Amino acid sequence: MDLSGIPVSRYHEALHRGEITCAATVEYFLHRIEQARHLNAYLEVFGSEALEQARKLDEQRKKGTATGKLHGVVFSLKDVICYKNHRATAGSRILSGFTSPYSATAVERLLKEEAIIIGRVNCDEFGMGSSNENSAYGKVLHPIDETRVPGGSSGGSAAAVKAGLCMISLGSDTGGSVRQPADFCGIIGLKPTYGRISRYGLIAYASSFDQIGILANHIEDVALTLEVMAGADPNDSTSSHNQVPEYSRLLQGSGKFNIACFHEAIRHPGLDREMAEKISHFIRQLKEQGHRVDILPFELMDYVAPAYYILTTAEASSNLSRYDAIKYGNRRHVGEDDITTFYKINRTTGFGKEVKRRIMLGTFVLSAGYYDAYFTKAQKVRKLVTDKILSVFKNYDFIIMPNSPVPAFKSGEKTEDPITMYLADIYTVMANMTGCPAISLPLFQHSEGIPFGLQVMANRFNELSLLRFSKQLLENNY
Ligand code: GLN
């Protein structure tokens, strides 16, 4: 039975009909992972453990005591999400050898619904990057065109889902790290509302932006995973108490919507011509189908990425100060020196180039002499962008735009030019700046032979309508 790309509902039917077992499913994925090792998507595979768990689930099913919504569903975890008694390194050397003493709330909730976690997948170090080239454990290859990057920072997650090396993957999205790799690899990537899913057990990059996200092949699977993980958590004071709808049961629905699109986004000089054309054509189709699509001005477009990089590096410089080689991770240097030298040597050798660049940037924008010129100003930009976006949602259901100005690019193409890499995040950071949910939908094919997606953003906590609309778009086959 071909299990790669199978939707959870069909898999469950096959299990109940006895056509397949959880153990055979895990074996299937283990075999595929082995065959695709060169992609470098997995950092660690929990093979025997996943098999054992699968056998237990098969037993339970036979006894009729298997009731989990995610019974036997095979997940991978981005290496920034903690799983009790398993290693977590955030793609960094500084955490090599670190074993998590607890599980993220999101992971606990998956396990409670009988999911199987098959391994942890590669990512850019501490989630910092857009190409998965910033991992201390090597780059990940694009599963369709191996000369290209799979996107980042959740590149391992996207590659694993696309290559059929798991059914669903959890990633994290601080400025696009779920949506952009989903876009590059041709799968679905959802970043929920800030606070929708607990961040407890998610290794922090920029805490007021970070959110766990879902990468999958089917919108129904995204909805189901979201409904299992979402909801208040006493361990994360920023998690929301808003009620969690049964997303997966309520997905059906059609309707005509008011959709906004920003002029500065689709007419951006950096946007690939072919992508711009295909998106414009898509907008015409939406109108023909009876939706209202208005092109609105968004004067703040050029400020979004710079403000994002000031605020997130500031938060990162603070969050990453905990890695002092005493409390966490690998102590490479144990000399007789004073404590400052000890920190310096361990942090210098433990962090990669990009992470160091960001710690320095963040420290600079927070320093006494520059705080107001950069940090305070960027916070003001965040407020202006948020006010603007929320005002758009008073009249519109969704905002659509690309996820990235270019499709999956060649490995090494942008590594020497961090500014170009940063500016490529213009479309995705908006949702994190404002806390809104946004999804990447694999709707298009580029003549370069790779897919690309459309980003749809909704108002805070409107995941249900976002998922419903996504289903409608995916089924329309543009
Ligand atoms: N590419 C963005 C960055 O490097 C997004 C990262 C993320 O969402 N974790 O910051």
Side-chain angles (χ1 to χ4, degrees), residues 77-81 90-92 121-135 139-140 149-158 169-184 189-192 194 197 199 202-215 270 304-317 319-320 351-362 365 378 382 402-406 408-409 413-415 417-440 455 457:
L77 300 178
K78 180 178 180 181
D79 192 31
V80 292
I81 298 172
S92 182
V121 280
N122 208 343
C123 61
D124 284 303
E125 188 174 357
F126 286 101
M128 298 175 184
S130 312
S131 64
N132 218 134
E133 293 168 295
N134 297 337
S135 165
K139 63 182 183 189
V140 177
V149 302
S153 63
S154 314
S157 293
S169 188
L170 295 193
S172 66
D173 192 312
T174 304
S177 278
V178 162
R179 289 159 287 153
Q180 186 257 23
D183 176 282
F184 279 18
L190 171 73
K191 181 205 89 78
Y194 183 77
I197 297 175
R199 287 182 296 112
L202 167 66
I203 296 177
Y205 160 11
S207 310
S208 76
F209 293 75
D210 297 341
Q211 186 61 199
I212 288 178
I214 303 156
L215 299 99
V304 179
Y308 165 85
Y309 274 95
I310 289 170
L311 296 172
T312 52
T313 54
E315 291 190 25
S317 72
N319 272 328
L320 270 58
F351 289 130
K353 193 169 153 192
E354 181 60 27
V355 172
K356 279 188 269 198
R357 176 157 41 225
R358 295 198 192 194
I359 292 174
M360 285 191 280
L361 251 172
V365 299
R382 187 176 195 180
N403 287 291
S404 161
V406 289
F409 46 88
E413 194 180 308
K414 294 190 200 297
T415 35
D417 187 1
I419 300 287
T420 318
M421 195 82 108
Y422 295 171
L423 290 177
D425 293 337
I426 41 167
Y427 298 121
T428 44
V429 296
M430 225 180 282
N432 308 75
M433 296 270 278
T434 59
C436 291
I439 195 163
S440 172
Q455 185 183 189
M457 187 161 114

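For ligands, and for the atoms within them, numbers begin at 1 and follow the listed sequence. Since the model is a prediction, treat every value here as computed from it, not as a measurement.
Side-chain N/O atoms of Ser130 and Gln180 include no donor and acceptor closer than 3.5 Å. For the residue pair Ser172 and Asp210, no side-chain donor N or O sits within less than 3.5 Å of a side-chain acceptor on the partner. At a cut-off of 3.5 Å, with distance as the only test, no side-chain donor of Asp183 or Ser404 sits close to an acceptor on the other residue.
Contact residues for ligand 1 (protein heavy atom closer than 4.0 angstrom to any ligand atom): Gly127, Met128, Gly129, Ser130, Ser153, Asp173, Thr174, Gly175, Gly176, Ser177, Tyr205, Tyr308, Tyr309, Arg358, Asp425.
With Phe351 as the aromatic partner, Arg358 does not meet the cation-pi criteria of under 6.0 angstrom to the ring centre and within 45 degrees of the ring axis.
In this structure, Tyr422 has its ring center at least 6.0 angstrom away from the ring center of Tyr308.
Although no hydrogens or angles enter the test, the distance criterion places no donor-acceptor pair under 3.5 Å between the side chain of Asn132 and the main chain of Ser154.
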